[in-house]
Amino acid sequence: QVQLVESGGGLVQAGGSLRLSCAASGRSFSSYTMAWFRQAPGKEREFVAAISWSGGVTSIADSKKGRVTISRDNAKNTVYLQVNSLKPEDTAVYSCAAHRWAPLTSRQYAYWGQGTQVTVSS
């Protein structure tokens, strides 16, 4: 099993940046595809980005390309999400997810964190 704990959320002004972290416990972190999703109030959860187990390949949602970067440090069992040029519509709970050997096109993840709130003020 994998346990995921997100951090780094908070209140930020529009135009600012945030770096979210997701720390994973358990073995074999480097065999897990990792992803970030977000859910805004009253909206469905949406995919943000994913990264392959090696970190060599990433997938970013089309609407967020150019503002979002996903990375991972397998030595630290941690995946990161850098979001720049934040907008009020980026306000959401951001959650990380893990699934062993999942393709980057998958949206089905076995393990989820509790999420971290990001609030962007105008």
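The first residue of the sequence shown is numbered 1, and numbering continues consecutively from there.
Linking Ile, Leu, Val, Met, Phe, Trp and Tyr residues whenever their side-chain heavy atoms come within less than 4.5 Å leaves Val48 and Trp112 in two separate clusters. Under a hydrophobic-cluster definition in which Ile, Leu, Val, Met, Phe, Trp and Tyr are linked whenever side-chain heavy atoms come within less than 4.5 Å, directly or via other members, Val118 and Val83 are assigned to the same cluster. A continuous path of hydrophobic side-chain contacts links Leu20 to Tyr111 [ILVMFWY only; heavy atoms under 4.5 Å]. Hydrophobic clustering, with ILVMFWY side chains joined whenever heavy atoms are under 4.5 angstrom apart, groups Val2 together with Tyr94.
Salt-bridge annotation for Asp90 and Lys87: absent, with no side-chain N of the basic residue lying under 4.0 Å from a carboxylate O of the acidic one.
Residue Trp101 holds its CH2 atom at 15.0 Å from OG of Ser106, rounded to the nearest 0.5 Å. Separation of atoms CG (Asn77) and OG (Ser25) is listed at 8.0 Å; rounding is to 0.5 Å. In this structure, CG on Asn74 lies 11.0 Å from OG on Ser28, to the nearest 0.5 angstrom. To the nearest 0.5 Å, atoms CD (Gln114) and CD (Glu6) are separated by 7.5 Å. Between Leu81 atom CG and Thr69 atom OG1 the span is 8.0 Å, to the nearest 0.5 Å. Annotation: the span from Ser95 atom OG to Tyr109 atom OH amounts to 13.0 Å, rounded to 0.5 Å.
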Steps toward side chain to side chain contact (heavy atoms under 4.5 Å, CB included) verdict (Leu4, Met34): CA-CA 10 Å; Leu4 305 172; Met34 302 296 296; 3.9 Å; yes
Stepwise side chain to side chain contact (heavy atoms under 4.5 Å, CB included) check, Ser71 with Tyr80: CA-CA 5 Å; Ser71 60; Tyr80 306 97; 3.6 Å; yes
Side chain to side chain contact (heavy atoms under 4.5 Å, CB included) evaluation trace for Phe47 with Phe37: CA-CA 4 Å; Phe47 170 78; Phe37 291 77; 3.8 Å; yes
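Between the side chains of Arg100 and Ser31, at least one donor-acceptor pair of N or O atoms lies under 3.5 Å. If you check the side chains of Asp73 and Thr78, you find no donor sitting under 3.5 Å from an acceptor.
Contact record, Ala49 with Ile60: CB-CD1, 3.5 Å, taken as the closest heavy-atom pair. Contact record, Ser52 with Gly56: OG-N, 3.3 Å, taken as the closest heavy-atom pair. Shown here for Thr33 and Ile51, the closest heavy-atom pair between the two residues is CG2-O, 3.4 Å. The two residues Ser17 and Asn84 come nearest to each other via the heavy atoms OG-OD1, 3.0 Å. Here the closest non-hydrogen pair linking Leu11 and Ser121 is CD1-CB, 4.2 Å. Of all non-hydrogen atoms in Arg72 and Phe29, the two that sit nearest each other are NH2-O, 2.9 Å.
Scored by the salt bridge (charged side-chain N to carboxylate O under 4.0 Å, His left out) test, Glu46 finds Arg38, Lys64 as partners (sequence neighbours excluded).
None of Thr119, Thr91, Val120 except one satisfies the side-chain contact (heavy atoms from CB on, under 4.5 Å) rule with Leu86; the exception is Val120.
Around CD of Gln3, the count of heavy atoms belonging to other residues, nucleotides or ligands within 6.0 Å does not exceed 12.
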